[in-house]
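Data block below; observations after.
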Amino acid sequence: MRLFDAHCHLQDPRIRHCLEDTIKATEGQGVQQFACNGTCEDDWPQSRSDKWLDNLRKQLEEVPRAGLGEVHCVSAFGKLQEMLQQHGPFAQGLILHSWIGPAEMVDALAKIQGVFFSLSGHLTRMSKKKYEPMIPLERLLLETDAPDGRPRLGDVWGTYQEQLLNFQSQDGTEDQELNHPANIRQAAVTVCQQLQLPGHSKVVQQLSV
């Protein structure tokens, strides 16, 4: 099965020592393409400033119908929805990175042309009830956010922690804190199971091999 990682950070210095092996291992799990996001924690103070809403509005107004790439919203979902409804559709596409928003907003946001929901291993830290509403299959993306966003697996999500791939630390030991991009398979299994996607049983069987 061919997979696409919609958001990761392969340039992260924490995995620089094993980047080539990481890419090979991930491709061996069926991942054919990565969307590598070039931001890092040093960028966060500006993006998390009180002026983020004004900055986003300015960009949307100056470049109408342009592709924003992606937006990461943590709490101001109502303001984001209002702005996207006002300025959509997005012909070049707009990814809602690591979507954890209110379930009741899914339907309204999905009606905006060009908006996509990207789910990551972070969803294993949330209640299953947040993902009961069906995200349209044609608007659903998967991401790892690697080397962050390591899934928390276990009885709650019906999969097992030992199935996750680990990075090799520089001293040769396994790093069980960072998230290997090949773990997108586990994210895919979790999403298929919890959203009950069409043909999910067959997909889960293929991904679990």
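- Between the R57 side chain and the M83 main chain, no donor and acceptor come within less than 3.5 Å of each other.
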Criterion side chain to side chain contact (heavy atoms under 4.5 Å, CB included) on V71 and L84, from CA distance to verdict: CA-CA 11 Å; V71 173; L84 296 184; 5.6 Å; no
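- For the residue pair Q33/D5, the side-chain donor-acceptor check at 3.5 Å is not satisfied.
- Taken together through direct or relayed side-chain contacts under 4.5 Å among Ile, Leu, Val, Met, Phe, Trp and Tyr, I95 and F4 form parts of separate hydrophobic clusters.
- Here the closest heavy-atom approach between residue T144 and residue N183 is recorded as CG2-C, 4.4 Å.
- Across every non-hydrogen atom of R150 and E177, the tightest pair is CD-O, 3.4 Å.
- Between W99 and F116, the distance separating the two ring centers is not shorter than 6.0 angstrom.
- More than 12 non-hydrogen atoms from other residues, nucleotides or ligands lie less than 6.0 angstrom from CD of E138.
- Under a hydrophobic clustering in which Ile, Leu, Val, Met, Phe, Trp and Tyr are joined whenever their side-chain heavy atoms come within less than 4.5 Å, directly or via other members, V31 and L141 fall into different clusters.
- Contact check on D107 versus K111 returns a salt bridge, with a Lys/Arg side-chain nitrogen under 4.0 Å from an Asp/Glu carboxylate oxygen.
- The CG atom of D12 sits 6.5 Å away from atom CG of D148, with the distance rounded to the nearest 0.5 Å.
- Within the 3.5 Å criterion, the main-chain N or O of A110 finds a donor-acceptor partner in the side chain of R139.
- Within 6.0 Å of CD on Q85 lie more than 12 heavy atoms contributed by other residues, nucleotides or ligands.
- How far NE2 of H97 is from OG of S120: 7.0 Å, rounded to the nearest 0.5 Å.
- Taking CD1 of I184 as the start and OG1 of T26 as the end, the distance is 9.5 Å to the nearest 0.5 Å.
- Atoms CD and CG, on Q32 and L3 in that order, are 8.5 Å from each other to the nearest 0.5 Å.
- Between the CD atom of Q81 and the CG atom of L96 there is a distance of 10.5 Å, given to the nearest 0.5 Å.
- Residues L109 and F117 are in side-chain contact: their nearest non-hydrogen atoms beyond the backbone lie under 4.5 Å apart.
- For the 3.5 Å distance criterion, the side chains of S98 and D145 fail to qualify, holding no donor opposite an acceptor.
- Closest heavy-atom contact between P147 and I15: CB-CG2, 3.9 Å.
- The main-chain N or O of N37 is found under 3.5 Å from a side-chain atom of Q11 such that the two form a donor-acceptor pair.
- Rounded to the nearest 0.5 angstrom, H180 NE2 and C8 SG are separated by 11.0 Å.
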